[in-house]
Amino acid sequence: MFAQSMYEFRNALHERGIIFCYSGYVTEPVLTGIGKTLKQKLVLEETDTKTMQNVFAIFVEQMQNIVRYSAETESDPKTKETELRYGLLSIGMEDDKFFVACGNKILLGDVKRLNDKLERLQELNKDELKSLYRETLRAPADEESKGAGIGFIDIARRSTRIIDFDFMDLDDTYAFFCLKAYV
Amino acid sequence: MSGAGMDNMQLEATDRSPAIDFKFDEAVFTITGESYPEDVSTFYGPVTERLFAWLAEQSPESVVFNFELIYFNSSSAKVILGIFDALEECAERGVNVVVNWHYDEEDDTMEELGEEFGEDLEHATFSMKKFSA
């Protein structure tokens, strides 16, 4: 029964085209490890340089986004400082394109702001994204608001399709946020 | 070492940070590899601090800066922009500054990013250099 359920779980991921899936606490060493393995896999697939770098870059931005901003956290009981942040990340193939998708909890109060920023990115063409990238890079750090800065613009620029995102309210405090980019 | 009185700076590349080769005595600076350090300020802080101080204080005839990056993340982009700004300021003071942006010929994202950084240079000489991996 155990093997069957694990195998079904594996197959459910495969059916979605998923090559890699990580759900858990994301730390910088986790990013390093999965990143290395992802590169190996992309090299084995003989992915062209540009696609490989774009998949990898989107992976890094999404992982660092979880590490920095996921609202599902584990804190040190003494210092109260956040030690770990929980998130989900998957990489796969769909219609001959790579996708990189992430999901994590955010505070309900952040949904609107994030939604507006990402909707704006969806409306911009490549040249407009390029201008926004430059503008944002030049802006002082404190003006680049938490959670929707240069990283999301970089993802949108490198994505060959319009980025996909969604929110779902979970309770009075949290919503689930997910983002998917195709290369 | 020449009379500049400053040690050169060499850092080996790691999985997530580029190799740094700053030859202060020759005024030739090179950053090579991939850049997505865990903490951008921890890695680049000491590097840019010395570079910026040197660029502001010294008046060499010429400075060459080579970017040989395969990949950099969005946090590193801010640091790269800061280096471009410092090089441009140095060139404004009359130093002959040459900035070379090396990119993999198969990666036009890196080509485009290089061109964008280069657009902001008015006094420094900017050149794009292809390499094949």
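Residue numbers start from 1 in every chain, and the chains themselves are labelled A, B, ... in the order their sequence lines are given, proteins ahead of strands. Quick caveat, the model's predicted, so the values are computed rather than measured.
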Met52(A) and Asp107(B), any side-chain heavy atoms less than 4.5 Å apart: no

query: When rounded to the nearest 0.5 angstrom, what is the spacing between CG in Asn65(A) and OG in Ser74(B)?
result: 9.0 Å

Pair Thr109(B)-Gln53(A), side-chain donor/acceptor within less than 3.5 Å: no

field: Contact residues of residues 88-95 of chain B (partner chain A; heavy-atom separation under 4.5 angstrom)
entry: none

- prompt: What are the two closest non-hydrogen atoms of Lys78(B) and Ala139(A), and how far apart are they?
  reply: NZ-O, 3.2 Å

- request: Taking the side chain as every heavy atom from C-beta outward, state whether Glu28(A) and Asp39(B) have any atom pair closer than 4.5 Å.
  value: no

query: Should Glu105(B) and Lys50(A) count as an ion pair when the cut-off is N to O under 4.0 Å?
result: no

task: Identify the residues of residues 62-71 of chain B whose heavy atoms come closer than 4.5 Å to a heavy atom of chain A, ordered by number, or report 'none'.
output: Ile70(B), Tyr71(B)

field: Residue pair Ser75(B) / Glu61(A), side-chain heavy-atom distance below 4.5 Å
entry: no

field: Common cluster, Ile31(B)/Val28(B), ILVMFWY with side-chain heavy-atom separation under 4.5 Å
entry: no

statement: Tightest non-hydrogen contact, residues Pro37(B) and Gln64(A), listed as O-NE2, 3.9 Å

field: CA sep, side-chain torsions, deciding dist, call: Arg157(A), Glu112(B), salt bridge (Lys or Arg N to Asp or Glu O under 4.0 Å)
entry: CA-CA 11 Å; Arg157(A) 286 191 68 177; Glu112(B) 201 179 296; 2.6 Å; yes

field: Segment of Arg138(A) engaging chain B (4.5 angstrom heavy-atom cut-off)
entry: both

message: With side-chain contact (heavy atoms from CB on, under 4.5 Å) as the criterion, how do Arg16(B) and Leu31(A) come out once you've worked through the C-alpha distance, each side chain's angles and the decisive distance to 0.1 Å?
response: CA-CA 10 Å; Arg16(B) 298 181 53 173; Leu31(A) 191 169; 4.0 Å; yes

Engaged part of Lys126(A) at the chain B interface, taking heavy atoms whose separation is under 4.5 Å: neither

task: Check the pair Glu116(B), Leu137(A) against side-chain contact (heavy atoms from CB on, under 4.5 Å), reporting the backbone distance first and the verdict last.
output: CA-CA 11 Å; Glu116(B) 285 170 46; Leu137(A) 211 54; over 6 Å; no

field: Aromatic ring proximity, centroids under 6.0 angstrom, Phe59(A) and Tyr36(B)
entry: no

